[in-house]
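In what follows, every chain begins at residue 1, and chains take the letters A, B, ... in the order their sequences are listed.
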Protein chains: 2
Amino acid sequence: MVTIADIAKMAGVAKSTVSRYLNGGSVSEETIRKIEKVVQETGYSPNKFAQSLKAKKTNIIGTIVPRLDSYATSQTLIGIDEQLRDLEYQLIISNTSQSLEREIENIYILAQQKVAGIILLATMVTEKHIKALHEIKVPILLVGQENEEFHSLIHNDYQAAHSLGEYVLAQRHTRIAYLGVTKEDIAVGVKRREGFMSAVADKVDTEVKYFETSFKSEDAIHKTLEIIEQYKPSIIVCATDNIALGALKAAYLSGLQVPKDLSITGFGGYEVTDLIHPSITTVKFFYKEAGNFAAKSIVKMVNKEEIDQMTFSKYEILKRESVDKKNN
Amino acid sequence: MVTIADIAKMAGVAKSTVSRYLNGGSVSEETIRKIEKVVQETGYSPNKFAQSLKAKKTNIIGTIVPRLDSYATSQTLIGIDEQLRDLEYQLIISNTSQSLEREIENIYILAQQKVAGIILLATMVTEKHIKALHEIKVPILLVGQENEEFHSLIHNDYQAAHSLGEYVLAQRHTRIAYLGVTKEDIAVGVKRREGFMSAVADKVDTEVKYFETSFKSEDAIHKTLEIIEQYKPSIIVCATDNIALGALKAAYLSGLQVPKDLSITGFGGYEVTDLIHPSITTVKFFYKEAGNFAAKSIVKMVNKEEIDQMTFSKYEILKRESVDKKNN
DNA sequence: CTGAAAGCGCTTACAG
DNA sequence: CTGAAAGCGCTTACAG
């Protein structure tokens with residue numbers, strides 16, 4: 001491997017001059033030419049470790065994700081990656097396989113690697129998270145969950161669910177099942193549920209019942225089968241698209257036609273919801289754009305610029321085939 | 001930040017002794033106790049850059065992926081990640097957004113970052129790839145595409161497609177459309193097609209026609225619409241599950257019942273193919289297991305152990321609802 | 001504009 | 001078992 005010392009010797013100058021050339025310091029025309037030539041010939045590129053050792057920082061942004069096999073995650077990552085590339089930062093992706101413990105562990109590991117900033121696609125924010133995030137002195141941005149102590153970019157779950165609730169009511173559904181997830185997940189488990197509730201709560205002649213399942217489609221199938229049998233709703237509002245996919249399968253297994261016998265809505269905007277038949281009415285979050293924004297924000301934070309404490313990403317209700325309009 | 005010098009001073013020993021303690025050199029019981037205490041108290045952890053600068057290598061494995069939003073990619077990454085964690089290596093994921101140019105660029109960038117090894121989830125292997133992979137002196141493993149100059153782990157596309165072809169024939173389909181992709185992609189575009197051809201080629205009274213589309217479901221919808229209209233096959237064999245999803249949508253748009261009026265098969269084994277109705281007959285590749293294997297292999301290569309030049313991953317034909325058995 | 005020197009935080013022969 | 005010293009490849013005041 002060729003080093004700065006080699007370049008200096010070959011060009012007949014001092015190492016410091018080569019360094020200045022590399023970092024845009026003042027160097028004479030002639031010296032530039034000499035160094036340029038040697039750099040070209042050798043294909044020299046500076047050793048990142050040596051640079052980081054001096055600089056005590058890197059241009060790496062670490063992103064911690066709970067899982068890799070999720071539409072929301074991959075879209076967000078694509079957005080982050082895209083933007084970071086433009087900003088000339090490098091992205092390190094750290095997967096926790098849904099383990100909270102690893103999430104904490106990864107926060108420390110990334111800090112140890114001297115990343116310039118961390119984007120955390122959070123599922124929950126526990127005491128341990130808060131402690132870890134405070135201990136490491138690294139700029140941090142939460143995506144998907146809010147916490148008053150940190151900057152965050154959140155999907156407007158409450159508002160989106162509220163809009164969805166209004167839409168469902170406008171379709172005159174009066175016997176509604178809401179199939180949500182654990183309340184430990186504030187964004188998906190709590191905000192979506194509450195947003196939906198806020199829209200349908202005071203409505204007269206409307207019955208709403210709340211159920212809970214896991215994030216897995218498989219579990220949603222079984223749960224929906226129960227719901228259909230015991231409650232016979234005209235619509236099942238699902239907290240995620242994967243759950244909606246499971247519900248759709250359950251409807252089929254029960255011999256129910258969607259949307260005639262049972263309407264179904266999702267949440268998330270996975271592409272496949274539009275590809276299948278019936279296509280599923282869902283709430284689309286702009287994950288990729290959110291990723292872009294997150295990347296810009298964390299870089300601003302790294303550069304000590306001010307950014308808003310909390311930002312909401314956009315959403316859109318995608319009205320498709322899986323919801324029937326009732327005529328009562 | 002506390003450094004090895006701080007620890008040494010606080011423990012009343014030399015830096016070299018602390019280093020020996022850290023790296024398992026011979027240190028007396030008593031010294032160990034002293035150093036241990038100080039390390040505990042300070043929460044000291046060695047500076048990775050300084051270590052790497054000396055060692056001239058890292059324990060990082062770089063993985064280059066063409067895209068993040070694909071089932072195959074995410075499953076493979078999960079497998080790699082999982083295994084690498086056990087092996088105490090760190091994973092860097094580098095996304096190229098399907099740009100061949102960036103693929104080459106990333107090879108050099110990873111080399112510059114002194115990764116210990118590179119796993120390349122390849123889509124094509126061009127001359128430039130070969131040149132780059134030779135230039136950097138880093139162990140490299142190709143996944144998904146084969147090339148005689150490098151070690152590779154390939155999904156047995158040819159054999160799998162052959163088996164699928166036999167299955168299709170066994171269901172007595174005699175008017176077959178094969179919907180493939182560009183031949184520039186050796187694995188998906190060529191091997192799957194050829195494997196399928198090898199099974200159906202000499203079959204009498206069977207007509208097979210080959211078509212081509214992109215990897216996008218959207219394009220597959222349009223292409224399938226054309227195929228249905230012009231060729232009226234009894235089955236469409238699709239080179240990927242995403243294409244099959246598009247074909248299914250097209251069948252619906254054409255008013256055809258699947259599988260009664262038109263059978264459809266996919267390739268890949270995406271979870272959603274089992275979740276929708278009708279569920280899609282497809283070929284499942286064990287991506288996660290392949291990822292595990294890839295991780296083990298690259299670490300072996302890093303450690304100068306011998307590994308097979310080429311390995312085939314496993315596959316399985318998943319027989320589901322989207323294929324009808326004909327009675328001629 | 002340019003060079004010599006010190007230092008970033010570690011590891012590794014080399015003596016003792 | 002332990003310490004002093006050199007060196008990994010860079011950058012950055014400091015002189016000139």
Self-check item: Heavy-atom donor-acceptor pair, B:Asn303 side chain to B:Glu305 backbone, under 3.5 Å
Solution: no
Query raised in the report: Can any side-chain N or O of B:Asn23 pair as donor or acceptor with the backbone N or O of B:Gly25 at less than 3.5 Å?
Result: no
Heavy-atom check, side chain of [X] versus side chain of [Y], under 4.5 Å:
| X | Y | result |
| --- | --- | --- |
| B:Ile104 | B:His129 | yes |
| A:Tyr21 | A:Val13 | no |
| A:Glu103 | A:Leu120 | yes |
| B:Ser313 | B:Leu153 | yes |
| A:Ser97 | A:Arg102 | yes |
| A:Tyr44 | A:Ile4 | yes |
| A:Leu84 | A:Val299 | yes |

Under a 4.0 Å heavy-atom cutoff, the residues of residues 40-55 of chain A touching DNA chain C are A:Leu53, A:Lys54
The correct set of residues in residues 9-17 of chain B placing a heavy atom under 4.0 Å from DNA chain C is B:Lys15, B:Ser16
For this session: Answer with base, sugar-phosphate or nothing: what part of the nucleic acid does B:Ser19 contact at a heavy-atom distance below 4.0 Å?
Result: base
| message | Please classify the nucleic acid contact of B:Thr3 as base, sugar-phosphate, or nothing, using heavy-atom distances under 4.0 Å. | response | sugar-phosphate
Paired with B:Thr73, the side-chain contact (heavy atoms from CB on, under 4.5 Å) test is passed by just one of B:Ile93, B:Val65, B:Asn95, namely B:Val65
Note, DNA chain C 5' to 3' with Watson-Crick or G-U pairs under 3.5 Å encoded as ( ), [ ], | and . gives |||.||||||||.|||
Outer limits of DNA chain C sitting under 4.0 Å from a non-hydrogen atom of chain A, read 5' to 3', are C:dC1 to C:dG9
Assert: residue with more 5' nearest nucleotide on DNA chain D, out of B:Glu30 and A:Asn23, is B:Glu30
Legend entry - Between A:Asp185 and A:Gln145: side-chain donor-acceptor atoms closer than 3.5 Å: yes
Practice task
Go through the side-chain N and O atoms of B:Asn106 and B:Thr96 and say whether any donor and acceptor fall under 3.5 Å apart.
Solution key: no
Expected list for residues 31-39 of chain A near DNA chain D, using heavy atoms below 4.0 Å, is none
One should read off an interatomic distance between A:Phe215 CZ and A:Ser70 OG, to the nearest 0.5 angstrom, of 9.5 Å
Applying side-chain hydrogen bond (donor to acceptor under 3.5 Å, both in side chains) to B:Lys54 and not counting sequence neighbours gives none
